[in-house]
Peer 1: 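Take a look at the following structure, please.
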Amino acid sequence: TGEVAAPEQVEEAHCFLREALNTGWGADRSSGAPILYGGSVKSDNSASLRALNNVGGFLIGGASLVPSEFLKIYRSTL
């Protein structure tokens, strides 16, 4: 859609997923499992999304088709 969820919404959804993993697998096993954000990731929002506690990385869609944009996203997460 090109619409980006607010960081608070992303964190809420990822917390829900983390709790579900903890319940299903136990906290010891699930704590190392990364939860990827698959919404609209762009260079102007990637750093703030990556800074969220439960975001373990990105599933980058259309932005990956533009090498300069993809590189900006990559660099913003270092």
Peer 1: Looking at every non-hydrogen atom in both residues, tell me the closest pair between Ile73 and Ala63 and how far apart they are.
Peer 2: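 Taking every non-hydrogen atom into account, CD1-CB, 3.7 Å.
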
Peer 1: Quick one: list whatever passes side-chain contact (heavy atoms from CB on, under 4.5 Å) with Phe16, sequence neighbours left out.
Peer 2: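 Phe16: no side-chain contact (heavy atoms from CB on, under 4.5 Å) contacts found.
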
Peer 1: Would you find a donor on one side and an acceptor on the other, under 3.5 Å apart, between the side chain of Glu69 and the backbone of Ser64?
Peer 2: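 Not a single qualifying donor-acceptor pair exists.
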
Peer 1: Check for me, please, whether Leu36 and Leu17 land in the same ILVMFWY cluster - side-chain distances under 4.5 Å, paths through other members count.
Peer 2: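 Shared cluster, no.
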
Peer 1: Quick one: list whatever passes side-chain contact (heavy atoms from CB on, under 4.5 Å) with Ala20, sequence neighbours left out.
Peer 2: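 Here no residue qualifies.
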
Peer 1: Could you tell me if the side chain of Ile60 sits less than 4.5 Å from the side chain of Phe70, heavy atoms only?
Peer 2: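 Answer yes - side chains close enough.
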
Peer 1: List the atom of Val10, the atom of Leu49, and the distance in Å for their closest heavy-atom pair.
Peer 2: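 Residues Val10 and Leu49, closest heavy atoms: CG2-CD2, 3.9 Å.
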
Peer 1: Show which side-chain atoms of residues 27-35 pair as donor or acceptor with protein atoms under 3.5 Å away, not counting sequence neighbours.
Peer 2:
unit_1: Ser30; atom_1: OG; unit_2: Asn22; atom_2: OD1; d: 2.4
unit_1: Ser30; atom_1: OG; unit_2: Gly26; atom_2: O; d: 3.0
unit_1: Ser31; atom_1: OG; unit_2: Ala27; atom_2: O; d: 3.4
unit_1: Ser31; atom_1: OG; unit_2: Asp28; atom_2: O; d: 3.4

Peer 1: Sorted by first residue and then second, give each side-chain hydrogen bond (donor to acceptor under 3.5 Å, both in side chains) pair with at least one member in residues 48-58; sequence neighbours left out.
Peer 2: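 Residue pairs passing side-chain hydrogen bond (donor to acceptor under 3.5 Å, both in side chains), neighbours aside: Glu11-Asn54.
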
Peer 1: Using the side-chain contact (heavy atoms from CB on, under 4.5 Å) criterion, which residues pair with Glu19? Sequence neighbours excluded.
Peer 2: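 Scan of Glu19 (side-chain contact (heavy atoms from CB on, under 4.5 Å), adjacent residues dropped) gives none.
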
Peer 1: Stepwise, does the side chain to side chain contact (heavy atoms under 4.5 Å, CB included) test hold for Thr77 with Phe58?
Peer 2: CA-CA 10 Å; Thr77 63; Phe58 301 127; 3.5 Å; yes

Peer 1: Could you measure the distance from the CD atom of Glu8 to the CG atom of Leu52? Nearest 0.5 Å is fine.
Peer 2: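 Between atom CD of Glu8 and atom CG of Leu52 there are 8.5 Å.
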
Peer 1: Who are the side-chain hydrogen bond (donor to acceptor under 3.5 Å, both in side chains) partners of Asn45, not counting sequence neighbours?
Peer 2: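 Asn45 satisfies side-chain hydrogen bond (donor to acceptor under 3.5 Å, both in side chains) with no other residue.
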
Peer 1: Checking one residue: Leu78. Which other hydrophobic residues are in its cluster under the side-chain 4.5 Å linking rule?
Peer 2: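 Leu78 shares its hydrophobic cluster with Leu71, Tyr74.
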
